[in-house]
*Asks:* 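Below is the structure I would like to discuss, written out as structure tokens.
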Amino acid sequence: MAGAGIHPYHNQWPPAPVPPPATATSAAAPLPPPPVHHPPFSTHDEVRTIFITGLPEDVKERELQNLMRWFPGFEASQVNYKGEKLMGFALFSTAQLAVAAKDALQDMIFDAESKSVLHIEMAKKNLFVKRGIVADSNSYDQSKRLRTGGDYSHSAYTTPTPFHPPPVPVWGPHGYLAPTPPYDPYGGYPVPPVPMPTPTPAPAPSSYVPVQNTKDNPPCNTLFIGNLGENINEEELRGLFSAQPGFKQMKILRQERHTVCFSNLQDLNSASNVHHSLQGAVIPSSGSVGMRIQYSKNPFGRRKDSNYSVASPSANGAPPALTYQ
DNA sequence: AGCACA
């Protein structure tokens with residue numbers, strides 16, 4: 001009976017940084033410092049953040065991040081959509097690396113279509129990274145979301161894999177782009193600097209964040225998922241939940257302020273497993289917030305408003321309960 | 001915190 005509830009996703013977000021599954025990286029060669037997980041208390045108070053203007057209006061945070069991630073020392077980036085002009089920030093591990101990225105990106109044509117040319121300066125202050133979510137030191141604002149280096153950092157420059165181009169020289173000094181080349185802008189490099197996001201919905205969340213699940217509802221076959229972030233991608237969400245064992249169907253509800261989701265599983269046990277294994281899961285489009293999972297108040301298959309007790313005396317053998325309510 | 005659909 002109980003005790004055999006082994007499910008493939010035994011995630012319970014280890015509270016301490018768990019050493020990643022060491023892929024046979026021999027630590028013989030001197031590796032650059034790990035780009036992420038920089039403690040907030042940096043010993044140096046030097047500015048190691050660059051300030052980016054000239055981004056196209058429809059720039060996505062992910063685009064900036066995918067650009068920045070190729071630069072050594074990149075830790076986190078952020079787009080501020082608040083002001084009249086877009087501002088981007090990117091934090092590096094050292095001021096020197098920030099300057100290097102600044103110089104490499106200076107006057108780069110970010111988007112030939114919209115004629116966007118980047119202008120980079122050193123920021124006035126460092127980007128403030130707070131456990132994945134960030135605020136500029138000046139103001140905290142919901143319209144700003146931060147993307148940290150994340151778990152892909154291992155594949156970029158830490159290991160000189162042959163198929164990854166060394167990023168910096170690609171867009172060398174000033175406008176590696178010809179006026180408007182309709183062809184491969186990465187001149188000679190077989191691989192674009194921004195890897196294609198894997199089209200297959202990765203059923204594994206990118207990370208987990210502790211969630212305080214204040215109160216839950218009685219266990220049932222349907223899960224209510226909230227705290228999904230404003231820019232949640234439905235496909236991504238669907239991909240995640242539909243890959244869970246016992247998945248039956250789901251419904252995504254876009255509301256004014258919060259998008260929520262209902263995931264219906266074949267039985268209570270499956271729902272319980274997912275409830276546990278995905279609690280606090282973070283997927284890329286949710287920003288850096290972890291989803292909150294609760295059992296639904298209205299499990300699938302049961303009517304919300306029942307006038308007289310349980311309104312389905314089907315073959316469950318349950319006698320009609322006497323409920324005066 | 002935000003709980004629809006049958």
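Predicted model only: the values in this text are computed from it and were never measured. Labels below follow one simple rule: chain letters A, B, ... track the order of the sequence lines, proteins then strands, and each chain is numbered from 1. Only heavy atoms go into these numbers, but all of them, side chains included; no hydrogens, no water, no symmetry mates.
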*Asks:* What's the CE-P distance between A/Met250 and B/dA6, to the nearest Å?
*Replies:*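 So the two atoms are 17 Å apart, to the nearest Å.
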*Asks:* Could you give the NZ-to-C1' distance, from A/Lys215 to B/dC3, as a whole number of Å?
*Replies:*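 These atoms are roughly 13 Å apart.
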*Asks:* Whole angstroms only, please: what is the CZ-P distance between A/Phe262 and B/dC5?
*Replies:*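 A/Phe262 atom CZ is separated from B/dC5 atom P by 9 Å.
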*Asks:* Taking only side-chain N and O atoms of A/Arg292, does any of them lie within less than 4.0 angstrom of OP1 or OP2 on B/dA1?
*Replies:*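 So the side chain of A/Arg292 is within the cut-off, an N or O lying under 4.0 Å from OP1 or OP2 of B/dA1.
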*Asks:* So, does A/Gln255 use its side chain to make a donor-acceptor pair with the main chain of A/His258 at under 3.5 Å?
*Replies:*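 Pair found, side chain donor or acceptor close to backbone of A/His258.
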*Asks:* Could you tell me whether the side-chain ring of A/Phe300 sits stacked on the base of B/dA6, using a centroid cut-off under 5.5 Å and a plane angle under 30°?
*Replies:*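 Base of B/dA6: not stacked against A/Phe300.
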*Asks:* Please list, chain by chain and in numerical order, all residues satisfying side-chain hydrogen bond (donor to acceptor under 3.5 Å, both in side chains) with A/Ser114, sequence neighbours excluded.
*Replies:*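 Only A/Asp111, A/Ser116 meet the side-chain hydrogen bond (donor to acceptor under 3.5 Å, both in side chains) criterion with A/Ser114.
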*Asks:* Taking NZ from A/Lys248 and C1' from B/dA6, how many angstroms apart are they, rounded to a whole number?
*Replies:*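 Answer to the nearest Å: 11 Å.
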*Asks:* Does A/Gln266 reach the main-chain N or O of A/Lys248 with its side chain, forming a donor-acceptor pair under 3.5 Å?
*Replies:*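 Checking the backbone N and O of A/Lys248 against the side chain of A/Gln266, no donor-acceptor pair under 3.5 Å is found.
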*Asks:* Roughly how many Å is it from CD1 in A/Ile225 to P in B/dC3, rounded to a whole number?
*Replies:*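 Interatomic distance, CD1 of A/Ile225 to P of B/dC3: 14 Å.
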*Asks:* Strictly under 6.0 Å, is that where the ring centroids of A/Phe224 and A/Tyr295 end up?
*Replies:*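 No, too far apart.
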*Asks:* Within this structure, what is the CG-to-C1' distance between A/Leu253 and B/dA4, rounded to whole angstrom?
*Replies:*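 Rounded to whole Å, this separation is 6 Å.
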*Asks:* Ignoring the backbone of A/Phe224, work out which of B/dC5, B/dC3, B/dA1 is nearest its side chain.
*Replies:*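 The closest nucleotide is B/dC3.
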*Asks:* What does A/Thr222 touch in the nucleic acid at a heavy-atom separation under 4.0 angstrom: a base, only the sugar-phosphate, or nothing?
*Replies:*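 Base contact.
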*Asks:* Under 3.5 Å, is there a donor on one side chain and an acceptor on the other for A/Ser270 and A/Asp267?
*Replies:*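 Result is yes, a qualifying pair exists.
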*Asks:* From CD1 of A/Ile252 over to C1' of B/dG2, roughly how many Å is that when rounded to an integer?
*Replies:*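 Rounded to whole Å, this separation is 15 Å.
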*Asks:* Let me spell it out: for each of A/Gln255 and A/Lys251, pick the nucleotide of DNA chain B with the closest heavy atom. Which residue's pick is nearer the 5' end?
*Replies:*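 Mapping each residue to its closest nucleotide by heavy atoms, the 5'-most match is A/Gln255.
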*Asks:* What is the nucleic acid contact for A/Asn264, judged by heavy atoms within less than 4.0 Å: base, sugar-phosphate only, or nothing?
*Replies:*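 The residue A/Asn264 makes no contact with any strand.
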*Asks:* Rounding to an integer number of Å, can you tell me how far A/Glu230 CD sits from B/dG2 C1'?
*Replies:*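 Whole-Å distance recorded here is 13 Å.
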